[in-house]
Amino acid sequence: MFDTLVSYLNRYDTILIFRHVMPDGDALGSQFGLKAFIAEYFPQKKVYALGSRPKQKSSFPMSDIFEGDCSDALAIVCDTANRERIDDERYALCKEILKIDHHPIVDNFGHENLVAVKASATCEILAAMFMQAKVKLNADAASYLFCGLIADTQQFSIPSVTSLTFECAAYLSQCFIDIQACNEKMFSSTYEEYHYESLLRNKVQVIDGRLAYVIASKTDYESCHVPFIQAKDKVHVMAKVTDFEMYCLFTENEEGTYQGSLRSKKVQLNDIAARYNGGGHALASGVKHLTFDQVHELLKELNDRLENNN
Ligand SMILES: [Mn+2]
(Lines give C-alpha, C1' and ligand atoms only; values in the text may rest on other atoms or scores of the structure.)
Protein backbone atom coordinates (compact mmCIF):
# COMPACT_ATOMS: atom_id res chain seq x y z
CA MET A 1 0.00 0.00 0.00
CA PHE A 2 2.79 2.44 0.91
CA ASP A 3 4.51 1.86 -2.45
CA THR A 4 1.22 2.53 -4.23
CA LEU A 5 0.75 5.78 -2.33
CA VAL A 6 4.33 6.89 -3.04
CA SER A 7 4.08 6.03 -6.74
CA TYR A 8 0.99 8.23 -7.01
CA LEU A 9 2.61 11.06 -5.05
CA ASN A 10 5.71 10.91 -7.26
CA ARG A 11 3.67 11.50 -10.39
CA TYR A 12 1.97 14.73 -9.27
CA ASP A 13 3.03 18.22 -8.24
CA THR A 14 -0.36 19.17 -6.83
CA ILE A 15 -2.19 16.90 -4.40
CA LEU A 16 -5.70 17.64 -3.16
CA ILE A 17 -6.84 15.66 -0.12
CA PHE A 18 -10.60 15.29 0.38
CA ARG A 19 -12.77 13.96 3.21
CA HIS A 20 -16.45 13.29 3.79
CA VAL A 21 -19.08 15.92 4.51
CA MET A 22 -19.82 16.63 8.19
CA PRO A 23 -16.34 15.34 8.99
CA ASP A 24 -15.60 13.35 12.15
CA GLY A 25 -12.27 12.86 13.88
CA ASP A 26 -11.16 10.05 11.57
CA ALA A 27 -11.99 12.00 8.41
CA LEU A 28 -10.05 15.04 9.63
CA GLY A 29 -7.28 13.05 11.30
CA SER A 30 -6.57 11.01 8.17
CA GLN A 31 -6.74 14.09 5.96
CA PHE A 32 -4.40 16.27 8.04
CA GLY A 33 -2.16 13.36 9.04
CA LEU A 34 -1.60 12.50 5.39
CA LYS A 35 -1.08 16.17 4.52
CA ALA A 36 1.57 16.52 7.25
CA PHE A 37 3.35 13.39 6.00
CA ILE A 38 3.41 14.66 2.41
CA ALA A 39 4.53 18.15 3.50
CA GLU A 40 7.49 16.65 5.34
CA TYR A 41 8.61 13.95 2.91
CA PHE A 42 7.62 15.60 -0.38
CA PRO A 43 8.37 19.27 0.41
CA GLN A 44 8.43 20.23 -3.27
CA LYS A 45 4.77 19.21 -3.73
CA LYS A 46 1.82 21.52 -3.24
CA VAL A 47 -0.66 19.77 -0.96
CA TYR A 48 -4.09 21.05 0.08
CA ALA A 49 -6.64 19.66 2.55
CA LEU A 50 -10.06 20.58 1.15
CA GLY A 51 -13.58 20.65 2.56
CA SER A 52 -16.08 23.11 3.98
CA ARG A 53 -14.72 25.64 6.45
CA PRO A 54 -16.95 25.55 9.54
CA LYS A 55 -17.40 28.69 11.61
CA GLN A 56 -17.07 27.03 14.98
CA LYS A 57 -13.75 26.07 16.52
CA SER A 58 -12.35 22.68 15.64
CA SER A 59 -9.55 20.58 17.07
CA PHE A 60 -8.10 20.38 13.56
CA PRO A 61 -6.70 23.10 11.27
CA MET A 62 -8.99 25.03 8.95
CA SER A 63 -9.29 23.57 5.43
CA ASP A 64 -7.06 25.07 2.76
CA ILE A 65 -8.25 27.32 -0.02
CA PHE A 66 -7.40 26.05 -3.50
CA GLU A 67 -8.40 27.99 -6.55
CA GLY A 68 -6.06 26.43 -9.10
CA ASP A 69 -6.59 24.01 -11.93
CA CYS A 70 -7.50 20.47 -10.84
CA SER A 71 -6.89 18.78 -14.17
CA ASP A 72 -3.22 18.03 -13.42
CA ALA A 73 -3.77 17.25 -9.75
CA LEU A 74 -4.06 14.01 -7.80
CA ALA A 75 -7.16 13.63 -5.62
CA ILE A 76 -6.79 11.54 -2.47
CA VAL A 77 -10.13 10.89 -0.78
CA CYS A 78 -9.97 9.76 2.86
CA ASP A 79 -12.59 7.95 4.97
CA THR A 80 -15.40 8.30 2.42
CA ALA A 81 -17.32 5.29 1.12
CA ASN A 82 -19.19 6.83 -1.80
CA ARG A 83 -18.70 9.81 -4.10
CA GLU A 84 -21.91 11.57 -2.96
CA ARG A 85 -20.37 12.03 0.48
CA ILE A 86 -17.13 13.66 -0.70
CA ASP A 87 -16.92 17.24 0.57
CA ASP A 88 -16.00 19.30 -2.53
CA GLU A 89 -17.01 18.07 -5.95
CA ARG A 90 -13.71 19.08 -7.54
CA TYR A 91 -12.35 15.60 -6.78
CA ALA A 92 -14.05 14.59 -10.04
CA LEU A 93 -12.01 17.14 -12.03
CA CYS A 94 -8.66 15.72 -10.90
CA LYS A 95 -6.55 13.61 -13.22
CA GLU A 96 -6.59 10.56 -10.96
CA ILE A 97 -8.34 9.61 -7.73
CA LEU A 98 -6.90 7.54 -4.91
CA LYS A 99 -9.40 6.34 -2.33
CA ILE A 100 -8.22 5.41 1.19
CA ASP A 101 -11.02 4.06 3.35
CA HIS A 102 -12.26 1.46 5.82
CA HIS A 103 -16.03 1.52 5.21
CA PRO A 104 -17.85 -1.42 3.62
CA ILE A 105 -17.32 -1.17 -0.14
CA VAL A 106 -20.24 0.45 -1.93
CA ASP A 107 -18.51 2.59 -4.57
CA ASN A 108 -15.01 2.01 -5.96
CA PHE A 109 -14.74 5.57 -7.23
CA GLY A 110 -10.93 5.68 -7.18
CA HIS A 111 -8.53 4.77 -9.97
CA GLU A 112 -6.91 2.91 -7.10
CA ASN A 113 -8.86 1.97 -3.97
CA LEU A 114 -6.81 1.34 -0.84
CA VAL A 115 -9.63 -0.09 1.23
CA ALA A 116 -9.36 -2.23 4.38
CA VAL A 117 -12.84 -2.87 5.73
CA LYS A 118 -11.48 -4.57 8.83
CA ALA A 119 -9.42 -1.52 9.81
CA SER A 120 -10.85 0.30 12.81
CA ALA A 121 -10.20 3.70 11.22
CA THR A 122 -8.82 5.25 8.07
CA CYS A 123 -6.12 6.60 10.39
CA GLU A 124 -5.26 2.96 11.21
CA ILE A 125 -4.76 2.20 7.50
CA LEU A 126 -2.41 5.16 7.14
CA ALA A 127 -0.57 4.49 10.42
CA ALA A 128 -0.10 0.80 9.54
CA MET A 129 1.21 1.78 6.12
CA PHE A 130 3.75 4.21 7.58
CA MET A 131 4.69 1.81 10.39
CA GLN A 132 5.37 -1.08 8.00
CA ALA A 133 7.45 1.21 5.78
CA LYS A 134 9.37 2.36 8.91
CA VAL A 135 8.55 6.02 8.28
CA LYS A 136 9.44 8.41 11.09
CA LEU A 137 6.46 10.70 11.35
CA ASN A 138 6.71 14.15 12.86
CA ALA A 139 4.63 14.83 15.97
CA ASP A 140 1.94 16.74 14.04
CA ALA A 141 1.31 13.95 11.55
CA ALA A 142 1.32 11.30 14.30
CA SER A 143 -1.01 13.36 16.54
CA TYR A 144 -3.60 13.80 13.79
CA LEU A 145 -3.57 10.06 13.08
CA PHE A 146 -3.76 9.21 16.78
CA CYS A 147 -6.72 11.58 17.23
CA GLY A 148 -8.57 9.90 14.37
CA LEU A 149 -7.74 6.47 15.76
CA ILE A 150 -9.12 7.18 19.25
CA ALA A 151 -12.17 8.91 17.75
CA ASP A 152 -13.26 6.05 15.50
CA THR A 153 -12.45 3.35 18.07
CA GLN A 154 -14.04 5.24 20.99
CA GLN A 155 -10.74 5.07 22.82
CA PHE A 156 -10.01 1.48 21.78
CA SER A 157 -13.28 0.16 23.20
CA ILE A 158 -15.28 -1.31 20.29
CA PRO A 159 -15.14 -4.62 18.40
CA SER A 160 -13.29 -3.18 15.39
CA VAL A 161 -10.18 -2.79 17.58
CA THR A 162 -7.51 -5.43 16.90
CA SER A 163 -3.91 -6.03 17.87
CA LEU A 164 -2.96 -4.02 14.76
CA THR A 165 -4.86 -1.03 16.20
CA PHE A 166 -2.69 -1.20 19.30
CA GLU A 167 0.46 -1.69 17.25
CA CYS A 168 -0.44 1.46 15.33
CA ALA A 169 -1.10 3.31 18.59
CA ALA A 170 2.27 2.16 19.94
CA TYR A 171 3.99 3.28 16.74
CA LEU A 172 2.29 6.70 16.82
CA SER A 173 3.09 7.13 20.50
CA GLN A 174 6.79 6.76 19.65
CA CYS A 175 6.52 9.90 17.51
CA PHE A 176 6.54 12.31 20.48
CA ILE A 177 2.78 12.90 20.59
CA ASP A 178 0.96 14.26 23.64
CA ILE A 179 -1.54 11.47 24.38
CA GLN A 180 -3.41 13.42 27.04
CA ALA A 181 -3.82 16.42 24.72
CA CYS A 182 -5.12 14.16 21.91
CA ASN A 183 -7.73 12.63 24.22
CA GLU A 184 -8.79 16.03 25.51
CA LYS A 185 -9.09 17.35 21.96
CA MET A 186 -11.32 14.51 20.86
CA PHE A 187 -13.41 13.89 23.97
CA SER A 188 -13.70 17.10 25.96
CA SER A 189 -16.92 19.10 25.92
CA THR A 190 -17.41 22.82 26.38
CA TYR A 191 -19.63 23.83 29.27
CA GLU A 192 -22.41 24.55 26.75
CA GLU A 193 -22.07 21.08 25.23
CA TYR A 194 -22.02 19.56 28.71
CA HIS A 195 -25.27 21.34 29.45
CA TYR A 196 -26.72 19.99 26.17
CA GLU A 197 -25.56 16.46 26.97
CA SER A 198 -27.44 16.68 30.27
CA LEU A 199 -30.55 17.82 28.42
CA LEU A 200 -30.25 14.83 26.07
CA ARG A 201 -29.82 12.38 28.96
CA ASN A 202 -33.03 13.71 30.46
CA LYS A 203 -34.87 13.09 27.19
CA VAL A 204 -33.77 9.48 26.66
CA GLN A 205 -36.64 7.10 25.90
CA VAL A 206 -36.23 3.34 26.09
CA ILE A 207 -38.10 0.67 24.13
CA ASP A 208 -38.40 -2.75 25.80
CA GLY A 209 -35.60 -1.86 28.17
CA ARG A 210 -32.89 -2.25 25.50
CA LEU A 211 -33.28 0.27 22.67
CA ALA A 212 -32.56 3.81 23.81
CA TYR A 213 -33.17 6.90 21.72
CA VAL A 214 -33.47 10.65 21.84
CA ILE A 215 -35.23 12.85 19.33
CA ALA A 216 -33.66 16.30 19.69
CA SER A 217 -35.38 19.37 18.30
CA LYS A 218 -33.74 22.53 16.97
CA THR A 219 -34.95 24.34 20.07
CA ASP A 220 -33.12 21.80 22.25
CA TYR A 221 -29.66 22.54 20.90
CA GLU A 222 -30.24 26.18 20.13
CA SER A 223 -31.31 26.78 23.73
CA CYS A 224 -27.87 25.47 24.78
CA HIS A 225 -26.03 27.47 22.06
CA VAL A 226 -24.71 24.27 20.52
CA PRO A 227 -24.56 24.25 16.69
CA PHE A 228 -26.19 21.43 14.73
CA ILE A 229 -22.86 19.96 13.59
CA GLN A 230 -21.87 19.33 17.22
CA ALA A 231 -25.38 18.53 18.47
CA LYS A 232 -25.77 15.64 16.02
CA ASP A 233 -22.54 14.04 17.32
CA LYS A 234 -23.76 13.44 20.88
CA VAL A 235 -24.98 9.85 20.52
CA HIS A 236 -22.27 8.85 23.01
CA VAL A 237 -24.37 10.24 25.87
CA MET A 238 -26.17 6.87 25.75
CA ALA A 239 -22.98 4.79 25.53
CA LYS A 240 -21.73 2.57 28.32
CA VAL A 241 -25.16 1.75 29.72
CA THR A 242 -25.40 -2.00 30.35
CA ASP A 243 -29.10 -2.21 29.44
CA PHE A 244 -28.87 -0.39 26.11
CA GLU A 245 -28.17 -2.88 23.32
CA MET A 246 -28.74 -0.21 20.68
CA TYR A 247 -28.93 3.55 21.05
CA CYS A 248 -29.83 6.28 18.60
CA LEU A 249 -29.78 10.04 18.48
CA PHE A 250 -32.02 11.85 15.97
CA THR A 251 -31.33 15.55 15.59
CA GLU A 252 -33.62 17.94 13.76
CA ASN A 253 -31.83 19.96 11.07
CA GLU A 254 -32.52 23.32 9.42
CA GLU A 255 -35.03 21.86 6.99
CA GLY A 256 -37.04 20.16 9.75
CA THR A 257 -36.05 16.58 8.98
CA TYR A 258 -33.91 14.38 11.21
CA GLN A 259 -30.34 13.18 10.97
CA GLY A 260 -29.59 10.10 13.04
CA SER A 261 -26.63 8.30 14.55
CA LEU A 262 -27.28 4.63 15.28
CA ARG A 263 -25.10 2.49 17.54
CA SER A 264 -25.29 -1.18 18.44
CA LYS A 265 -23.24 -3.27 20.81
CA LYS A 266 -23.52 -6.57 18.94
CA VAL A 267 -26.34 -6.78 16.43
CA GLN A 268 -25.76 -5.50 12.89
CA LEU A 269 -27.76 -2.45 11.84
CA ASN A 270 -26.11 -0.90 8.76
CA ASP A 271 -28.36 -2.82 6.35
CA ILE A 272 -31.37 -1.22 8.03
CA ALA A 273 -29.71 2.21 7.95
CA ALA A 274 -29.14 1.75 4.21
CA ARG A 275 -32.92 1.74 3.71
CA TYR A 276 -33.23 5.09 5.52
CA ASN A 277 -30.89 7.28 3.44
CA GLY A 278 -27.87 6.07 5.32
CA GLY A 279 -25.29 3.42 5.97
CA GLY A 280 -21.91 2.98 7.54
CA HIS A 281 -20.31 0.35 9.68
CA ALA A 282 -22.07 -2.80 10.92
CA LEU A 283 -22.48 -1.44 14.46
CA ALA A 284 -22.24 2.32 13.84
CA SER A 285 -24.27 3.93 11.10
CA GLY A 286 -25.88 7.21 10.14
CA VAL A 287 -29.22 8.10 8.54
CA LYS A 288 -30.51 11.41 7.24
CA HIS A 289 -33.48 13.38 5.89
CA LEU A 290 -35.99 11.36 7.92
CA THR A 291 -39.45 12.58 8.78
CA PHE A 292 -40.68 12.16 12.33
CA ASP A 293 -42.76 9.17 11.19
CA GLN A 294 -39.77 7.56 9.49
CA VAL A 295 -37.78 7.89 12.72
CA HIS A 296 -40.41 5.79 14.45
CA GLU A 297 -40.57 3.24 11.61
CA LEU A 298 -36.80 2.90 11.83
CA LEU A 299 -36.93 2.44 15.61
CA LYS A 300 -39.49 -0.30 15.15
CA GLU A 301 -37.25 -2.09 12.65
CA LEU A 302 -34.28 -1.83 14.99
CA ASN A 303 -36.29 -3.20 17.88
CA ASP A 304 -37.56 -6.09 15.72
CA ARG A 305 -33.94 -6.84 14.82
CA LEU A 306 -33.02 -7.00 18.51
CA GLU A 307 -36.05 -9.16 19.20
CA ASN A 308 -35.01 -11.64 16.48
CA ASN A 309 -31.45 -11.81 17.75
CA ASN A 310 -32.26 -12.53 21.36
MN1 LIG B 1 -13.65 6.40 9.78
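Since this is a predicted model, take the numbers as computed values, not measurements. Numbering of ligands and ligand atoms starts at 1, following listing order. The figures that follow rest on heavy atoms only: side chains count, while hydrogens, waters and symmetry mates do not.
- Its N, O or S atom nearest to the Mn ion (ligand 1) is what matters here, and for D79 that atom is OD1.
- Distances from the Mn ion (ligand 1) to each N, O or S atom of D26 single out OD2 as the nearest.
- When distances to the Mn ion (ligand 1) are checked against a cut-off of 2.8 Å, D101 contributes no N, O or S atom below that limit.
- Q268 and N270 share a side-chain donor-acceptor pair at under 3.5 Å.
- Clustering of Ile, Leu, Val, Met, Phe, Trp and Tyr by side-chain heavy atoms under 4.5 Å joins I207 with L211, Y213, I215, M246, F250, Y258, L262, V267, L269, I272, Y276, V287, L290, F292, V295, L298, L299, L302, L306.
- Checking H102 against the Mn ion (ligand 1), an N/O/S atom falls under the 2.8 Å cut-off.
- Contact check on E193 versus K234 returns a salt bridge, with a Lys/Arg side-chain nitrogen under 4.0 Å from an Asp/Glu carboxylate oxygen.
- Under a 4.0 Å N-O distance rule, the pair R19/D88 does not qualify as a salt bridge.
- Within the 2.8 Å limit, D152 places at least one N, O or S atom next to the Mn ion (ligand 1).
- The residues E297 and R275 are annotated as not salt-bridged, no charged nitrogen and carboxylate oxygen being separated by less than 4.0 angstrom.
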